[in-house]
Structure formats: structure tokens, C-alpha cells
Number of protein chains: 2
Amino acid sequence: MLPFLLFLPTLAFGATPSLWPLPQAMKHGDGVMPLGPDVLLCYGEDCEELPNDIQDGWDRAAPLIFSHSVSSSVSTTLTISIDDPSAELNLEADESYILTVSESTIEITSPTQLGYYHALQTLSQLVEFDYDSEAYSIPNTPLTITDSPRFAHRGILVDSARHFEPVPTLHRVIDSLTYAKLNVLHWHLVDTQSFPFDSPSYPDLGKMGAFSKEERYTVGDVEGVVEYARKRGVRVMVEIDTPGHAASWCKGYPEVCPSTDCTQPLNPSTNATFDLIEGLFKDLTGGKKGEGIFPDDIMHLGGDEVDTSCWSSSDDISKWMEDQGMDEDGTYAYFIGRVQEIAHGMGREVVGWEEIWNHFKTDLDPTTIVHVWLPGSSVGPEATKAGYRVIWSRSDLWYLDWLKTSWDSMYEAEPTDGIAEEDQHLVLGGEGCMWGETVDTSDILQTIWPRGAAIAERLWSDKGSTTKAADAEGRYKEFRCLLNRRGIEAAPSMNMIGREAPESPGGCLDQRR
Amino acid sequence: MLPFLLFLPTLAFGATPSLWPLPQAMKHGDGVMPLGPDVLLCYGEDCEELPNDIQDGWDRAAPLIFSHSVSSSVSTTLTISIDDPSAELNLEADESYILTVSESTIEITSPTQLGYYHALQTLSQLVEFDYDSEAYSIPNTPLTITDSPRFAHRGILVDSARHFEPVPTLHRVIDSLTYAKLNVLHWHLVDTQSFPFDSPSYPDLGKMGAFSKEERYTVGDVEGVVEYARKRGVRVMVEIDTPGHAASWCKGYPEVCPSTDCTQPLNPSTNATFDLIEGLFKDLTGGKKGEGIFPDDIMHLGGDEVDTSCWSSSDDISKWMEDQGMDEDGTYAYFIGRVQEIAHGMGREVVGWEEIWNHFKTDLDPTTIVHVWLPGSSVGPEATKAGYRVIWSRSDLWYLDWLKTSWDSMYEAEPTDGIAEEDQHLVLGGEGCMWGETVDTSDILQTIWPRGAAIAERLWSDKGSTTKAADAEGRYKEFRCLLNRRGIEAAPSMNMIGREAPESPGGCLDQRR
């Protein structure tokens, strides 16, 4: 961090130019560089042809940068240097970039395509349009931005089980994530209420478990979403939440549930349950690291809110537990262990909600990632002290369905609070959770935004230069307007209740409810 | 209508297949035609190359029809016959089409590209996807749909002055209009609160009158929206609402307002006012029929809610009225007359809100189109009896910002109520009005939809086969799901309050609040 500190003073005073999320370091002068839609791309040392993903990145960014048609004779060169333009998306991926603007040249240097995508988003926020002269320019030149994320895992959870979220809706969510430099879509695919995925191995899961015949994802649909995200530098981490949130599985396969009237947690006493889980996981992962329709290294196994009473109220299961010499909690541990084993066998690291820590602590496989979510949870410090990695989503601060959580408390939330300096590297990052009980295509984007942007800056930017929401308010309001200008339904930024409609006529900066 | 009546019984009983809006006539068998993404387009007698707009129409429709990637060996031919593929968009344009499906051939025959666009929307609702076999098909074949709109003018009003609506938002509104076969975007461009248009002749209107420097439309922005709409068969009718809703004009040009503290209606006593209106209209219309950035034949001049007290409270204006021998109402009439004259001089027919009828009745130029909007208004029968044309948007029934107006009362509203049979041809159609006081990018689409669909079917379909909302409820719910599947934020269909979030988990058909 040291080299950045030199520049931080520039940012402290109202951060000209206004960027969201705040970059790690920026050096700038007070010149102005005119530019126009005529941009010459020069890739590599001899201006080679751009790899597809790199060209596509520019083709997506250009309409954001030049959103008004103008006649301009200005010609600009964008030189792009990327060491590895097809880097794997994972926790180790280098997302850093250097963006410089001087004379008539813009330069992007990054170790991977991911830094390049972020640099283009930064560039899209640097370019100003003057409505009177109808000309584009970049102020504050010469300018150098040296940037990289504070945390590797920066996500939004989307729940497609309480309401189905169609593919075009997921595409729009992914687009919006990239505007805030978020890089993970945590796809909470199935739950108690519905099972919207067509598993080739167990077709009746989707056929019987979906809300309707059209509220299902085919394998091709999922592949399309994951590829759409990959091209934009966004990882897709799938969650299959067992044993507690799985009643929808019984509709197609009643044998995996304790009984018809007491349907979850899943039945631990029969191999049918674990065979089904193994078959389903194989459909999702291809059975090997880096393969399958969800090639991400990490899989979320849920494990939360497990009320084991259905186990005891079933004669078969309680007899089975007795024979195994396991009580309910032991059976819960057994279940979590077996499912983790299945995922590990397919080359996946696993995440579980914090209840699994609260129950099993260091009995958990040491590679387990603990997802902190309970209000006021202190599991972060505990689990990291024991050497476990964590993802942070405390519900009282980062659950986007908590509509009364204000943007500034989301902004000032700190995933490393209470964690010893030497353990903080075990905090992989965090997620804003967009649980779907009252969210479908009609309102998901304005429930995620703009509060999701508060989370995005906390996860990307330097802690020291982003402590106070008050200092960020101006940029936050402007970012909401930017999302709106791009057609993203970000709600009024000063709302006291999330996603509420604007109260009265006014500009996009001034709205509140 | 007679030939259609033969088929109506088919529709009366649950209309298989389910289409929205209901076509005028449908004949079908009980066969099933398989089809796949491999569609051979054959245009004209010798399968000529498709004109750009026609090819683009298919390129937009194909992803709606084939929304899942599948491997299919089925090959289908779509033959397209269009007499005039580049017909002007106006009230006389023929939007009819015939769509037939038989064997492995789909056939679209239409007098203009407009009917072809509608036929593709109908086709996109006919095609079914089977999730189990992952195959597409069209049921109820052989099938012939003979269709045309009941009314020529079928619109949604969008208000970009109470809140700014960015260009990408307008694009999404236009996309959604075409799904319901609506064909008019009534663009209420400016109003009391803001003036978001950059007029080349009077640049300070936008520069001073917009909410912010970025909440303005350039000439290029407007041209882009109008062209985007044209390619989709949607007319854009601009409204400049004078003299009552114009306070934002004073910020750039105080001389056109009575005084700084009593800003509207516009000052009738100075030529500066009419010079500005003439210059602005020239910017919009090019000064000639069919030209300018809003080439539509019709221009809306507002004229509503004129409180003339600012005129009397100004010494200059009241003296001027006295000199002219005009009272306030006479001055109002004089103003309306002069502005209409300016628009007529530029080759435009004019629309005004119904107050101008209530004040001036048959003193109005006989070509004036009266826009009915007051609750319980009986102006439709009156004005048509006198030979005037009307557009129908009764606020108690078709104002989309009235959130408590239920979808079924919108559906059962009838623009011709009380109008003599022989005068009904003077009803051009109607509009759902999406006033912007509490609507911006964050909520405009879920406030327009799904209730806008009730209006769309009333304006398109045969009156006799769409009298009862109860008979349409099933199709209406399915159409909401279709909009969601296309990423359009249609709110839960059974909401008792417009645009409310879904109340609890469930399928897209069952939501209510």
C-alpha cells in the first residue's frame, strides 16, 4: 500500500475526478484532453489484432463512454498491454491495472483481461460530455490511476428460488455488477420453494420442483449465463443449499425427504439422498476441477437454518440415528461432512453459512470457507483466528432485502472488524445478499442498486480513504445517476427505505423517500 | 368485421393458443409443427435479399422466439410478402397481417412492414418450448391468423420532465410497447419542473431549464430515439405543453413569463413568447411536413390546466389584455390559436388536452384532435358529434400513475362509450399515461406494465370478444410472465396497487399485492 499513500491526499479532498469505486491511487494535473468516438486501438507491441474477449470488452465500453452521437474530428489512440488476456477467473486472479491519459493517448496496462475490463469502467467514468459544445473530453490530465481491489471476492447473491429470475434479468444484473467492479455472482439456485434447474441426471427435480414449466433453467441457459459473466470478468459461484433448504426436492424425489408432511432437512438415513446430491453436483461441476457448467473453483453448500426436528419425528430416521449412535447435531455434522466430501471429490473448495462454524468449529475441514451472515456475528474473528477463510455478509448490514438498512451503514460496515491484523488476509471479501422473497424481475435491480454500490466500494477501495459515508455521498449520488443513464433501475440514492419510488419531481441526484 | 365473426367462437373459449393482444381472427387445427432456430427466410417471389428493416425485424424477433440454445435438425421456411416494406408511419398506415403455419412453412403476408413486425410478435407468442425434450414447436396447426388493430393510435405517454428518462430507458420502453402491439410513444418532453431538451435555436432552454447538466437530450439523442422507434413500427408524437406547463422556460428566457414569482402561463402579451415557440417548433419539426427530428404528422400542444391568474396579477399583461379587448379566457383562446397556427404552418396536425374543447368547443380549428383525460369526461361523445377527432386517456381509467386503478377496470374501459355508431370512426384510439411525478428509470417499466397491457388489448382487439376482464385474466397473467422472461420489469399481475413488489415467494403467474 505504501506507494499509494503518496497520492491519497489528492483523493481526500472531493476526489476530482469523481469515480466509483474510489481507485487505490490517482495522480493528475489540471489539463483537459479532448477525445471523440474515433479511437484507434493498439494492442501489444506492434498493434496486433485484439483477442476476441479484449475486442468485445471495448465494444461494450465504447457505447458507455460515447453515449451521444457527435461529429468529431478528434482521433485518440488507446494502447492496451495485457500479459495474460485469457487468465482463469479465480481468487488468485490479478485484477490490477494502470490507466494513464496524456496528450492524445490513453494507455491501459494490466496483468490480465480482468484489470483491462476494470480500466475500461474507470475510463467510462472519466470521460465527460459537454452538452453545449457537444464534445467529449477527459479532465484532470495528465492522469495516472494505479488500481487494484482490496478484496478478491466481491459479490452479489441472487436467489432464483423464491422467485424465478429469467436469463435476461441475470444478464442485466451481471452488466450492473461490472459498473461497480464487483466480480462475483453468487447464484443461490434452488431452495425450499422451488427447484428451477433441469438436472440431466435427476430430471424430475426441475420438472416437478419448479413454479411452472417455464420457470426453469436448462443446462444451456446456465452455460449461457456463466459464459456471459466470464466474458465480463465475473465469477459465478453456485449454491446448492442442503440439508435445510431443500423441500422442493421432494416433489420429484420424495424418498430424499423425511416424510411428505415434514419435508426438510433432507433424509440423512438413505443413500438415495447422497446419490442424488452426487448426481446433481456432477451435472453442475462435470465431476472435475475447472469443468462442468459451473467451472468455478468454489461451490457454496449452504448448510444454514437446519431445524432437525423432522428427523426425530420420523421413526425410520430416529431409529437410524440411534443405530449410528448419532444425535441430531451429530447427524447434521455427518450430513455436512458427506456433502463436503462429494464436492471435494469433484475438485471444488466449499463455502458454508456460518451455522456450520457455530456447530462444528474446528471439526470442519480446514479448507472450508465460512460465510458470515448472522446479525452482529462475531464469527469472522473466531474463524479466522482458527485459520479458516471467511466471506462476509452480515445480514444487519449487507442483506439487500433488509429495506431499512441505510446506504451509509452499508458503506461504513467493515468485514475485518475485530479481526487481528495478521488474520485479515483470511477475509476473502464479502457479498450483498439479494434474497428473493419479495424480489423478481419487476424489482430486483432497484433493490440491489444503489445500495449495492456502497458494498462495492467497501470491497474494492482502500479502507483508510473510504471510512466515512459522508465523504462519499456526493460520488454515491453521482454513481446512482450513472446507473440510471445506463438504463439500470437504481432507486433514489437518499432513500430511507430501499427501492422506494421517487417521492416527487426532481433531478436524479436529489431523490429520496 | 364480418369475415372475422366466423372465427370468434374459437377465441371465446379460452383462446388456445394464448395470445396477447387477442387477434381479430384465428382458425386452427390440433396438429403440432416442430421447428428450430434454423429458419430459412424467403422474401418476395424469388427469395430476394431482405431490406434492412425487414432483416433487422427478424434479427430482433429470433432471440425472443428461440430463447434457449438447443441442437435441432429441424429446418423451417419463413416466407415473407410485404407490398410496401418502407411505408410511412402515420394514422393511415396499414398494420394488418396474415400469419399462416402449415407443414414446415410459416408465412407472413402484410401490406406494410408494420404488419410484419406485429406478425413476428404474434409468432413469438405461438412458439412453445418443451423443457423436457428441449425442442420448439407450434401447436394448433394448421393455423391462420388474420389480424389488424381496432384503433390506429395506440400509445403510452412518457413524461421526461418530472423526472428525466435516459435514452436507454426510452429504448426499453419502446421495446416493451412492441410486445403488446402498441404503436405510439407520446413523448411529453418538457413541463413546469424541467426542460430537458437542447434547442439549437434557444440553447438556454435546456442549459438553464434542465435538472442538471446531464439530464438533457441532444438533438442527436432525440433523433436516435425516434429512429429506434421507427425501426420497430412505433410513432413518436412529441408534446410541448403551453401555455400552462411551462415555468421551466423562464429560467433561460425570463421574458416569456409573466414575472419571476408568477411564472406560468407563458406571457401572451409579447412576441418574444411566440418567437421562441416558433423557433423551438422549427427545431422539432424542420418547419415542414415529414421533416425535423420529430417527423410525425401530429404534434401535441398540451393546453391543459391553465390558471390565468398570473396574467391578471401582472400590470403589463392585464393592460395588454384590456388594450386587446380580451378577458382571460379570450387571451387563453388567442394563445391556443396562435400556437396551433405555428404548428399548422409547419405541416403538423395538432392535439390538445380536453380543456381546450371545454373552453372553445367548435371555435377550435376543425382539424384539432381533442385528448380526453378528465375523470368521468363526456367530451368524447360531444366532440365527435361535432366532427372532431379524439384520443382517449380518461385519467380515472387509463392514467398509469393512478396506482389504485385495477387492471380489470383499465381493461373494461371503452373509448367509444356514449359515442354514436356513426361518430366512432372519429376515435383515433387512446393512450395509457405514465405521468412522471413518482416515476424515473428506477420504476417506470413496472409502473407501465402489466396494466399497460390491458389498455393495449382494448385498443387492438375486437370489442365483442374482449368485453370481460375475467375472460382475459389467464392470458393477462401469462403475458406478464412473458414480459418478465424478456427482462421487462412487469409488476405482479394481480396487484391491487400498481408496481408493488411481490408479497411472498411464488411463480410469476400467482403474484399479487
Side-chain angles (χ1 to χ4, degrees), chain A residues 67-70 129 131-132 134 161-164 166-169 171-172 193-194 198 203 206-207 210-216 218 220-221 223-224 436-443 445-447 481 483-492 499 501-511, chain B residues 67-70 129 131-132 134 161-164 166-169 171-172 193-194 198 203 206-207 210-216 218 220-221 223-224 436-443 445-447 481 483-492 499 501-511:
Chain A
S67 55
H68 308 274
S69 64
V70 299
F129 180 73
Y131 281 73
D132 304 320
E134 295 210 347
R162 274 57 178 262
H163 289 92
F164 182 72
V167 167
T169 306
H171 284 178
R172 299 188 70 237
Q193 292 84 350
S194 78
D198 282 334
K207 194 173 177 177
F211 285 128
S212 72
K213 74 176 171 59
E214 273 155 337
E215 290 172 287
R216 293 152 63 178
T218 67
D221 292 339
E223 285 172 337
E437 281 80 356
T438 67
V439 167
D440 62 14
T441 289
S442 71
D443 62 339
L445 278 146
Q446 69 267 46
T447 316
C481 294
L483 290 172
N484 286 174
R485 282 200 299 279
R486 295 179 181 183
I488 300 298
E489 308 89 292
R499 88 174 163 215
E503 192 162 34
S504 57
C508 65
L509 288 166
D510 315 323
Q511 302 298 306
Chain B
S67 55
H68 308 274
S69 66
V70 300
F129 180 73
Y131 282 72
D132 304 321
E134 296 210 348
R162 274 58 179 259
H163 289 92
F164 182 72
V167 168
T169 307
H171 284 177
R172 299 189 69 237
Q193 292 85 348
S194 79
D198 282 334
K207 193 174 179 177
F211 285 128
S212 72
K213 74 177 170 58
E214 273 155 337
E215 291 172 284
R216 293 151 65 177
T218 67
D221 292 340
E223 285 172 338
E437 280 79 356
T438 67
V439 167
D440 63 13
T441 290
S442 71
D443 62 338
L445 278 146
Q446 68 267 46
T447 316
C481 294
L483 290 172
N484 285 174
R485 282 199 300 278
R486 296 179 180 182
I488 299 298
E489 309 89 291
R499 88 174 161 216
E503 194 161 33
S504 57
C508 64
L509 288 167
D510 316 323
Q511 303 297 307

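Chain naming here is simple, since letters A, B, ... match the order of the sequence lines and numbering starts at 1 in each.
Neither the backbone nor the side chain of B:V167 has a heavy atom closer than 4.5 Å to any heavy atom of chain A. Contact annotation for B:L445: neither backbone nor side-chain heavy atoms come within less than 4.5 Å of a heavy atom of chain A. If you measure heavy-atom distances from B:E489 to chain A, the contacts under 4.5 Å come from both the backbone and the side chain. Of the atoms belonging to B:E214, heavy atoms from both backbone and side chain fall under 4.5 Å from chain A. For B:T447, no part lies under 4.5 angstrom from a heavy atom of chain A. Residue contact with chain B, scored on non-hydrogen atoms closer than 4.5 Å, is absent for A:L483. Heavy atoms closer than 4.5 Å to chain B are found nowhere in A:V70, neither backbone nor side chain. Interface remark: A:R485 contributes backbone and side-chain atoms alike to the contact with chain B (heavy atom separation under 4.5 Å).
Among residues two or more places apart in sequence or in another chain, the side-chain contact (heavy atoms from CB on, under 4.5 Å) test is passed with B:D198 by A:Y131, B:R216, B:T218. B:Q193 meets the side-chain contact (heavy atoms from CB on, under 4.5 Å) test with A:P505, B:R162, B:D191, B:F211; sequence neighbours excluded.
One finds the CZ atom of B:F129 at 7.5 Å from the OG atom of B:S67 (value rounded to the nearest 0.5 Å). With rounding to the nearest 0.5 angstrom, the SG atom of A:C508 is 8.5 Å from the CG atom of B:D440.
When atom types are taken as modelled, the side chain of A:S194 and the backbone of A:A161 share a donor-acceptor pair closer than 3.5 angstrom. Listed for the A:H163 side chain is no donor-acceptor partner under 3.5 Å among the backbone atoms of B:P502. Side-chain N or O atoms of B:N484 include none that pairs as donor or acceptor with a backbone N or O of A:S442 at under 3.5 Å.
Between chain A and the residues B:K207, B:H68, B:R172, the most heavy-atom pairs under 4.5 angstrom are made by B:R172.
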